[in-house]
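See structure below.
Just so it is clear, the values below take in all heavy atoms, side chains as well, and ignore hydrogens, waters and symmetry mates.
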Amino acid sequence: MNRCQFQFFYVGAAFVAGILVTLGFNGLPDLFQNGPLAEQRKKIQGDIHDGTENDAPIDVDINAAPRTGPPAIAVGIEGCIGNTPLIRIRSLSDATGCEILAKAEYLNGAGGSPKDRVALSMIRMAEKQGLLRPGFGDVIYEGTSGSTGISLATLARAKGYMAHICMPSDQAMEKSNLLLKLGAVVDRVPPAPIVEPNNFVNRARALAESRTLSSSPLVELSSTDTYPSSITSEDNSRPGSSRGFFSDQFENPANWTAHFQGTGPEIFVQCEGKVDAFVAGAGTGGTISGVALYLKPIIPNIRIVLADPQGSGLYNRVRYGVMFDLKEREGTRRRRQVDSLVEGIGINRVTANFEAGRELVDDAVRVTDAQALAMAKWLVEKDGIFVGSSSAVNCFGAVKTALALGPGHRIVTVLTDSGTRHLSRFWAQAGDVGGTVDTKLEDVLNAKEAS
């Protein structure tokens with residue numbers, strides 16, 4: 001046995017020992033045959049590939065199990081990602097008779113959201129495939145509503161790259177302002193369906209391809225419409241050297257893998273394996289798929305529930321197998337892609353990351369803007385928790401799930417980002433939280449849009 005094999009065996013044995021202690025040795029054969037240990041073994045052996053043109057194996061970090069005790073000294077900002085607290089939301093737990101726990105992903109230490117995990121995973125996979133090279137001026141391109149871009153911009157700087165972010169112009173200005181402070185190039189583009197070239201995702205892909213083409217000494221950017229008109233001298237500042245990498249968060253399997261490696265195992269250990277339901281929204285779908293793929297084989301009776309904002313088609317995708325919403329009916333499709341105040345979750349197309357775990361999603365809860373606004377204010381009023389729109393949707397979905405299951409159950413959801421990123425749009429609509437208010441849960445559940 002060589003040194004590398006010994007290290008792998010040692011760490012692998014420690015991982016298995018941790019699972020055994022947690023489970024009390026019960027269910028071991030099923031774990032090896034069907035559970036995450038089997039999947040992890042396949043991934044490490046290279047039996048599962050990422051499906052890209054390079055068809056590279058998906059690597060799983062076998063050191064990704066949650067830490068115990070005081071935090072270790074972190075190596076760089078990327079060392080501050082993961083192992084986030086699980087918070088018992090007292091007000092919602094007391095009101096429902098269930099234990100409602102929230103994974104505080106907004107405390108990730110790079111970009112302050114669960115997208116830190118995803119961004120780091122995508123960058124690492126790209127480096128292993130040779131698509132990103134530190135020190136060559138390579139640029140990471142992404143189409144995002146904000147949080148993924150912030151995480152990518154932060155980690156790009158930390159790891160020797162630049163970031164170019166394309167985002168819909170209807171997203172909160174706080175996000176694009178922060179991206180500029182982080183040194184990213186930002187394109188705010190008018191909302192457009194994914195089928196159109198000027199959709200923010202398609203624009204990011206085209207810019208990345210154009211930069212890579214321009215890096216060849218045999219290809220030069222033309223002044224025609226062959227490439228997007230916004231390419232500047234900065235984009236082509238190192239011809240023949242720097243390349244563009246489109247991280248493709250919606251389709252890149254490094255997305256759901258990040259949550260399979262980190263978020264899912266952390267929840268399992270923090271809850272000592274006792275979870276009745278996991279509730280989360282989906283934009284790319286990476287969080288709900290990755291967590292479901294990890295937890296469902298270990299906890300077969302767990303319910304995986306999608307919390308979906310108005311205007312999104314994923315609710316109907318889960319409930320009825322189709323992607324359609326009245327807000328997106330014929331004649332209105334070319335308006336905002338998802339007609340909601342909620343940012344970061346909700347979509348009207350199928351993504352590879354959501355489909356990776358869709359069959360494990362048991363149910364879906366529809367959440368209106370009015371309900372999300374009411375829940376966000378409730379969390380401040382009752383618990384001093386100030387979060388953004390997608391977190392409010394998640395918590396509303398957790399309450400609905402708790403009420404459906406009945407008292408005595410444990411529901412886990414996700415707090416994705418701080419409300420400070422939503423001041424100019426979502427929280428501008430929510431308004432201030434009065435000092436003497438005493439909101440009832442029924443008021444939140446029955447919240448209606450102002451006429």
Side-chain angles (χ1 to χ4, degrees), residues 143 145 168 170-171 191-196 199-201 249-251 255-256 259 277-293 296 302-375 389-405 411 413-414 416 426 444-449:
S145 61
D170 59 358
Q171 302 300 288
I194 189 64
V195 296
E196 294 188 3
N199 171 272
F200 66 105
V201 174
Q249 61 166 328
F250 291 90
E251 312 300 327
N255 183 338
W256 70 260
H259 297 289
F278 175 73
V279 181
T284 63
T287 300
I288 195 168
S289 287
V291 172
L293 286 164
K296 198 82 166 182
I302 190 174
R303 289 188 64 76
I304 306 297
V305 180
L306 170 74
D308 207 34
Q310 67 180 52
S312 172
L314 294 181
Y315 173 87
N316 287 328
R317 179 68 171 163
V318 170
R319 281 288 187 93
Y320 311 113
V322 297
M323 289 286 287
F324 177 75
D325 187 89
L326 288 176
K327 294 283 186 178
E328 298 292 316
R329 65 189 180 275
E330 188 69 26
T332 68
R333 183 84 186 209
R334 293 181 183 275
R335 297 179 185 175
R336 182 179 298 129
Q337 183 188 14
V338 175
D339 192 8
S340 172
L341 281 171
V342 176
E343 299 179 8
I345 58 174
I347 196 172
N348 279 293
R349 62 184 175 90
V350 173
T351 68
N353 278 288
F354 184 73
E355 289 299 295
R358 181 177 64 87
E359 292 185 357
L360 302 180
V361 180
D362 299 292
D363 200 2
V365 174
R366 169 75 82 212
V367 185
T368 68
D369 281 355
Q371 290 166 336
L373 291 165
M375 177 57 71
S389 55
S390 57
S391 300
V393 170
N394 287 345
C395 289
F396 189 94
V399 168
K400 293 287 285 187
T401 302
L403 295 175
L405 291 177
I411 293 91
T413 190
V414 182
T416 54
F426 180 78
V444 177
L445 294 172
N446 299 322
K448 305 292 184 184
E449 292 186 23

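For the residue pair Met375 and Phe396, the shortest heavy atom distance occurs at CE-CA, 3.9 Å. Nearest heavy-atom pair across Val201 and Phe250 is CG2-CE1, 3.7 Å. Between Glu343 and Ser389, the closest heavy-atom pair is N-OG, 3.0 Å. Annotation for Ala447 and Ala370: closest pair CB-O, 3.6 Å, computed over non-hydrogen atoms. Contact record, Phe426 with Ala392: CZ-CB, 4.4 Å, taken as the closest heavy-atom pair. Nearest heavy-atom pair, Gln171 versus Ser145, reported as atom, atom and distance to 0.1 Å: OE1-CB, 3.3 Å.
Salt bridge annotation for Glu251-Arg349: present, with a cationic side-chain nitrogen under 4.0 angstrom from a carboxylate oxygen.
Checked by atom type, the side-chain pair Asp369/Ser340 shows a donor-acceptor distance below 3.5 Å. For the residue pair Ser390/Thr416, the side-chain donor-acceptor check at 3.5 Å is satisfied.
Atom CG in Leu293 sits 5.5 Å away from atom CH2 in Trp256 (nearest 0.5 Å). The distance from atom CD of Gln310 to atom CD of Gln371, rounded to the nearest 0.5 Å, is 9.0 Å. The distance from atom NE2 of His259 to atom CD1 of Ile288, rounded to the nearest 0.5 Å, is 11.0 Å. In this structure, CD1 in Ile304 is found 7.5 Å from CG in Leu360, a value given to the nearest 0.5 Å.
Side-chain atoms of Arg358 never come within 3.5 Å of backbone atoms of Val318 as a donor-acceptor pair (strictly under, hydrogens ignored).
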Item to complete: Evaluate the side-chain hydrogen bond (donor to acceptor under 3.5 Å, both in side chains) criterion for residues Asn353 and Ser289: first the C-alpha distance (whole Å), next the side-chain angles of each, then the deciding distance (0.1 Å), finally the verdict.
Response: CA-CA 7 Å; Asn353 278 288; Ser289 287; over 6 Å; no

Discussion item. Apply side-chain contact (heavy atoms from CB on, under 4.5 Å) to residues Leu306 and Val365 and explain how you reach the verdict.
Written reply: CA-CA 6 Å; Leu306 170 74; Val365 174; over 6 Å; no

Worksheet entry | Stepwise side-chain contact (heavy atoms from CB on, under 4.5 Å) check, Phe354 with Ile347 | CA-CA 10 Å; Phe354 184 73; Ile347 196 172; over 6 Å; no

Item to complete: Evaluate salt bridge (Lys or Arg N to Asp or Glu O under 4.0 Å) for Glu359 paired with Arg317, printing each intermediate quantity in order.
Response: CA-CA 11 Å; Glu359 292 185 357; Arg317 179 68 171 163; over 6 Å; no

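Here the side chains of Lys400 and Leu445 are in contact, with some heavy-atom distance below 4.5 Å.
Among residues two or more places apart in sequence or in another chain, the side-chain contact (heavy atoms from CB on, under 4.5 Å) test is passed with Ala307 by Val279, Val393, Asn394. With sequence neighbours excluded, the residues forming a side-chain contact (heavy atoms from CB on, under 4.5 Å) with Ala277 are Arg303, Thr401, Leu405, Ile411, listed by chain and number.
For the salt bridge (Lys or Arg N to Asp or Glu O under 4.0 Å) with Arg319, the qualifying choice from Asp363, Asp308, Asp362 is Asp363, the only one to do so.
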